[in-house]
Amino acid sequence: EEDAVQHDEL
Amino acid sequence: MNIFRLAGDMTHLFSVLVLLLKIHTIKSCAGISLKTQELYAIVFTTRYLDLFTTYISLYNTIMKLIFLGSSISIVWYMRHHKVVRRSYDKDQDTFRHYLLMLPCLLLALLINEKFTFLEVMWAFSLYLEAVAILPQLVLLQRTRNIDNLTGQYVLLLGAYRALYVLNWIYRYFTEENYVHWITWVSGIVQTLLYADFFYYYFQSWKNNVKLQLPA
């Protein structure tokens, strides 16, 4: 399973 | 979360509230570009697909749902509400906004953080958001009398963009490994579009003449 990029901004 | 980010999110939220206030209480969308609002609805729909895959925080989820719901409902009101839609400046709002989408999609396919569906959509939404205000700026330039609410809406959006740039600078210096070139470059392009517009906006306001942007 590939790690998804985490986007913590809106 | 730093103060710039929070203030940026709040000005963004207020800009949407100002627009909803205008639509709900005055039942008018005069001076508001439906083209820009449609682009925003597409921007948020393509960006927040990660609502289904990634949980960041309750704050993050609620804000995403607010921006999604408000942008889609604003488009609905402008298109379908029997009173509101009559105030829409259709003949002035002529920007061919769909033409902006293809280059943004091609750019997203070429330049993204990772070549996955979600990441390409995320990049697409950033590129599209950078130019989504253009139809609104063109409409403002054409509208003779800009009412206070419309002016405040665009001012709040501009403040939101500027505060996000400050947030990135702050995070770059305070967090390790915080580097997001795609977000930064598209965000700065977007902020410059506002800055350029406000320059002419205040010039015309100061000289008390009709706004004229250079060709």
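What you are looking at is a predicted structure, and each value in this text was computed from that prediction instead of being measured. We name chains A, B, ... by the order of the sequence lines, and we start the count at 1 in each one.
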Next on the checklist: Take a 6.0 Å sphere around CZ of B:Phe115 and say whether it holds more than 12 heavy atoms from other residues, nucleotides or ligands.
Outcome noted: no

Checklist outcome for this item: Shortest non-hydrogen pair, A:Leu10 vs B:Tyr48, comes out as O-OH, 2.8 Å

Next on the checklist: Please check if the number of heavy atoms outside B:Tyr59 that lie under 6.0 Å from its OH is greater than 12.
Outcome noted: yes

Next on the checklist: B:Glu119: which residues meet the salt bridge (Lys or Arg N to Asp or Glu O under 4.0 Å) condition with it, sequence neighbours left out?
Outcome noted: none

Checklist entry - Below 4.5 Å, heavy atoms only, C-beta onward: do B:Arg47 and A:His7 meet side chain to side chain? => result no

Checklist entry - Is there any residue in residues 62-75 of chain B with a non-hydrogen atom under 4.5 Å from a non-hydrogen atom of chain A, and which ones are they? => result B:Met63, B:Lys64, B:Phe67

Item to check | Interface residues of residues 1-23 of chain B facing chain A - heavy atom cut-off under 4.5 Å | outcome: B:Arg5, B:Asp9

Item to check | Partners passing side-chain hydrogen bond (donor to acceptor under 3.5 Å, both in side chains) against B:Tyr178 (at least two apart in sequence or in another chain) | outcome: A:Glu9

Checklist entry - Is there side-chain contact between A:Asp8 and B:Arg171, with at least one heavy-atom pair below 4.5 Å? => result yes

